[in-house]
Chemist: 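Sharing a structure, written as structure tokens. Questions coming.
Note that the structure is predicted; figures quoted are calculated from it, not measured.
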Amino acid sequence: EVQLVESGGGLVQAGGSLRLSCVVSGFTNDEQAIGWFRQAPGKEREGVSCISRSDGGTYYADSVKGRFTTSSDSAKNTVYLQMNSLKPEDTAVYYCAVYVFLGSSTGCPSRDYLYDYWGQGTQVTVSS
């Protein structure tokens with residue numbers, strides 16, 4: 001059974017940092033991409049970042065480039081999202097999601113509906 005469990009959310013002041021974790025279980029290889037998404041109240045869900053567990057390739061939305069970093073620890077089956085220089089507009093529920101590679105594809109899909117499994121989400125609130 002595939003499970004994704006996020007943690008690390010909380011309340012932080014603008015300019016502060018948080019590190020989100022996503023423990024991924026139920027896979028026997030690294031043929032997946034792990035995406036981070038967020039959804040603020042009244043807004044559509046948006047992609048934040050993604051990492052390929054097979055080759056470490058990463059993707060970042062323009063809104064978080066230079067501030068957020070995603071990494072993967074295969075030994076711990078955990079993907080991290082380090083968020084620095086947080087802004088009030090980063091306030092949202094953050095989700096991790098798994099895309100299982102098909103064929104030779106190893107990239108990160110940009111569309112959230114392409115992801116196969118989702119975590120329960122963790123709230124991040126940035127106060128001004």
Chemist: Without hydrogens or angle criteria, can the side chains of Thr78 and Asp73 be said to hold a donor-acceptor pair below 3.5 Å?
Modeler: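 Result is no, nothing qualifies.
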
Chemist: Closest approach of Gly121 and Glu6, non-hydrogen atoms and distance?
Modeler: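 It is N-OE1, 2.7 Å.
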
Chemist: Please step through side chain to side chain contact (heavy atoms under 4.5 Å, CB included) for the pair Val48 and Phe68, ending with a clear verdict.
Modeler: CA-CA 9 Å; Val48 175; Phe68 290 11; 3.6 Å; yes

Chemist: So which heavy atom on Gln120 is nearest to which on Val5, and how close?
Modeler: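 It is OE1-CA, 3.8 Å.
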
Chemist: Starting at OH of Tyr99, measure out to SG of Cys108 and round the result to the nearest 0.5 Å.
Modeler: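 SG of Cys108 is found 10.0 Å from OH of Tyr99.
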
Chemist: Do you know which of Cys22, Ser49, Ser71 makes side chain to side chain contact (heavy atoms under 4.5 Å, CB included) with Leu81?
Modeler: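 Among the candidates, only Ser49 passes.
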
Chemist: Do Trp36 and Val2 sit in one hydrophobic cluster, given that two such residues count as connected whenever their side-chain heavy atoms are within less than 4.5 Å of each other, even indirectly?
Modeler: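 Yes; tracing contacts between hydrophobic side chains, which count when under 4.5 Å, links both residues.
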
Chemist: Indicate, with yes or no, if Val124 and Tyr60 share a hydrophobic cluster defined by side-chain heavy-atom contacts under 4.5 Å among Ile, Leu, Val, Met, Phe, Trp and Tyr.
Modeler: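 Yes, Tyr60 connects to Val124 through the hydrophobic network.
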
Chemist: Locate the shortest heavy-atom distance separating Leu20 from Gly9; write the atom from each residue and the value.
Modeler: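 Of all heavy-atom pairs spanning Leu20 and Gly9, the closest is CD2-N, 3.5 Å.
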
Chemist: Can you check side chain to side chain contact (heavy atoms under 4.5 Å, CB included) on Gln82 and Ser17, steps first, answer last?
Modeler: CA-CA 7 Å; Gln82 177 68 43; Ser17 298; 4.0 Å; yes

Chemist: Where do Tyr115 and Pro109 come nearest, in terms of heavy atoms and distance?
Modeler: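 So the minimum-distance heavy-atom pair works out to OH-O, 2.8 Å.
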
Chemist: Is there a side-chain contact between Trp118 and Phe37 (heavy atoms, below 4.5 Å)?
Modeler: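 Side-chain contact under 4.5 Å: yes.
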
Chemist: So do the side chains of Tyr117 and Val24 get within less than 4.5 Å of each other, counting heavy atoms only?
Modeler: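 With C-beta onward as the side chain, the pair stays apart.
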
Chemist: Got a second to check how far Asn77's CG is from Ser72's OG, nearest 0.5 Å?
Modeler: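 Spacing of CG (Asn77) from OG (Ser72) equals 8.5 Å.
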
Chemist: State the OG-CG distance between Ser74 and Asp30, to the nearest 0.5 angstrom.
Modeler: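 Output value for this atom pair is 4.5 Å.
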
Chemist: Checking Gln3 against Glu1 for the side chain to side chain contact (heavy atoms under 4.5 Å, CB included) test, could you report, in this order, the C-alpha distance in whole Å, the side-chain angles of both residues, the deciding distance, and whether it holds?
Modeler: CA-CA 6 Å; Gln3 285 191 322; Glu1 179 185 5; 4.1 Å; yes

Chemist: OG1 of Thr91 to CG of Leu86: how many Å apart, nearest 0.5 Å?
Modeler: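 Spacing of OG1 (Thr91) from CG (Leu86) equals 8.5 Å.
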
Chemist: Quick one, Tyr80 with Thr69, criterion side chain to side chain contact (heavy atoms under 4.5 Å, CB included). Give me CA distance, side-chain angles, the key distance, then yes/no.
Modeler: CA-CA 8 Å; Tyr80 302 98; Thr69 303; over 6 Å; no

Chemist: Applying the 4.5 Å side-chain criterion to the ILVMFWY set and letting contacts propagate, would Tyr59 and Val64 be lumped into a single cluster?
Modeler: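 In one cluster: no.
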
Chemist: Would you name the heavy atoms of Ser54 and Phe101 that are closest together and state the gap between them?
Modeler: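 So the two residues come closest at OG-CE1, 3.5 Å.
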
Chemist: When hydrophobic residues are tied together by side-chain contacts of less than 4.5 Å, even through go-betweens, does Tyr95 share a cluster with Val23?
Modeler: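 Cluster IDs for Tyr95 and Val23 differ.
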
Chemist: Which distance, rounded to the nearest 0.5 Å, do you find between the CG of Leu4 and the SG of Cys96?
Modeler: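 Answer rounded to 0.5 Å: 4.5 Å.
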
Chemist: Would you tell me whether Tyr94 and Arg38 have side-chain atoms, one donor and one acceptor, within less than 3.5 Å of each other?
Modeler: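 Per modelled atom types, Tyr94 and Arg38 side chains form a pair under 3.5 Å.
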
Chemist: Taking all heavy atoms of Cys50 and all of Ala33, pick out the closest pair and write down the distance.
Modeler: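 Smallest interatomic distance, heavy atoms only, reads SG-CB, 3.8 Å.
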
Chemist: Let me confirm one number: the CG-CZ distance from Asn84 to Arg67, rounded to the nearest 0.5 Å.
Modeler: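 Output value for this atom pair is 9.0 Å.
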
Chemist: How about Arg53 and Gln32: does a side-chain donor come under 3.5 Å of a side-chain acceptor?
Modeler: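 Their side chains do contain a donor-acceptor pair, which is all the 3.5 Å distance test asks for.
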
Chemist: Charged N to carboxylate O below 4.0 Å: is that the case for Asp90 and Lys87?
Modeler: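 Judged by the 4.0 Å cut-off on N to carboxylate O distance, Asp90 and Lys87 do not form a salt bridge.
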
